[in-house]
Amino acid sequence: METIRVHPCSSASQLQATAEAGANIALTKYWGNADPDLRIPANDSVSITLDRVRTVTTVAFRADLPEDEVTVDGRPLVGPARERVSRHLDLLRGLAGVSWRARVVSENNFPAGAGIAASASGFAALTLAGAAALGLDLSPRDLSRLARRGSGSAARSVFGGFVLLHTGARDEDAFAEPLHGPDWWDIWDLIVIVSRAEKAVPSSEGHHLAPTSALHQARVARVAELNRQLLDALARRDFAALGQAAEEDALLMHAVMMTSRPSLIYWLPETVAVMHRVQARRRAGIPAYFTIDAGPNVHVLTLPPYRESLQADLRALPGVQDVIPCRPGPGGRIIPNPAE
Ligand code: PMV
């Protein structure tokens, strides 16, 4: 174990650091765990870290705090949400041999409830800031592995660009790695917002239901093949191959969700309308593919020449509240002086 290196913002009674991380969109999804306690995913997944949707988190461990205090977008977390953050901080405290409680202040630059999961960027930024505050000397791989314990998809947000999350037999083997940097390929992800309501079943609960679907094992087997196609498509910058693999796995994952017990149907009528529109545009020759996370909003992947017209087209659909255009973005980073 390294000795604690005190961060510049820290003093004798406070250890503090600030970090930033981006949300990511999975092209092949993490859905279901091989080990639920350790959040080891059932299958490998591939994602793009996004530039426009980011979280900035400050963690200050203090000698005088009786318990962890967590504020997200100005609202204090209570109950299980705060306990989840506390358990994550316990992992970091255990590594550093520090028992001080922390004040955590986290801000998303996308509106709360915009239907974009903040857990990936949130737990990535929390891990980076917490580890830096405690002076832990951890490799990016170790940081990714730790972020995974908070939220599986957060393991991928530690890195920028195009990222692969490995499943593994043990905690040590399940980490993300960067495949290509953000400049490798100018792909747009148009996030089509059809609802801002909080989802009824959060993904951390949904993962537990995956094995109750008769389709789960079939999907896990198929994703291994889709991942091979995706890695090849990324290396060759073959957009149709990438889009087909992404769209297929989104549909497979939602088939697992819908057929689990209890059944999870995250789609709304507007979700299906966007899916139809994307496929219709594709039949008309526009390179556009959809993917959908554990919610009703749709991510539409396309290439630069088609971005503006497709965005306007999707924005005009009934029930579409907003479209947030994103590109591949950088990985998580420590912000040396948050005031800068
Ligand atoms: O990291 P979690 O527990 O929020 O799970 C992520 C689940 C999906 O967003 C549906 C898929 C993924 O790989 O991001």
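In listed order, ligands and their atoms are each counted from 1. No hydrogens, no waters, no symmetry mates; every other heavy atom, side chains included, goes into these values.
By the criterion of a heavy-atom distance under 4.0 Å, both the backbone and the side chain of Ser151 are placed next to ligand 1.
Here the closest heavy-atom approach between residue Thr49 and residue Pro330 is recorded as CG2-O, 3.5 Å.
Protein heavy atom nearest atom 7 (C) of ligand 1, with residue, atom name and distance: Tyr30 O, 3.5 Å. With hydrogens left out, the protein atom closest to atom 10 (C) of ligand 1 is Ala294 N, 3.6 Å, a heavy atom.
When only interatomic distances are considered, the shortest N/O to N/O separation between Trp31 and ligand 1 does not fall below 3.5 Å.
Every atom of ligand 1 with a heavy atom of Ala26 under 4.0 Å away is listed here by number and element: 12 (C), 13 (O), 14 (O). Close approach to Ser203 involves these atoms of ligand 1, each under 4.0 Å from a residue heavy atom: 2 (P), 3 (O), 4 (O), 5 (O). Every atom of ligand 1 with a heavy atom of Ser119 under 4.0 Å away is listed here by number and element: 4 (O). Close approach of ligand 1 to Gly152 is summarised as follows: ligand atoms under 4.0 Å from at least one heavy atom of the residue are 1 (O).
No donor-acceptor distance shorter than 3.5 angstrom exists from the side chain of Asn33 to the backbone of Ala42, with no hydrogens or angles considered.
In summary, Asp249 and Arg219 engage in a salt bridge, as defined by a charged side-chain N under 4.0 Å from a carboxylate O.
Counting only non-hydrogen atoms, the option in His207, Arg156, His254 that gets closest to atom 14 (O) of ligand 1 is Arg156.
For the residue pair Asn108/Thr55, the side-chain donor-acceptor check at 3.5 Å is satisfied. Side-chain atoms of Gln244 and Glu248 form no donor-acceptor pair, as typed in the model, at a separation below 3.5 Å.
Side-chain contact between Arg333 and Leu128 is absent, with no heavy atoms from C-beta onward closer than 4.5 Å.
Ring centers of Trp267 and His254: under 6.0 Å apart, within the cut-off.
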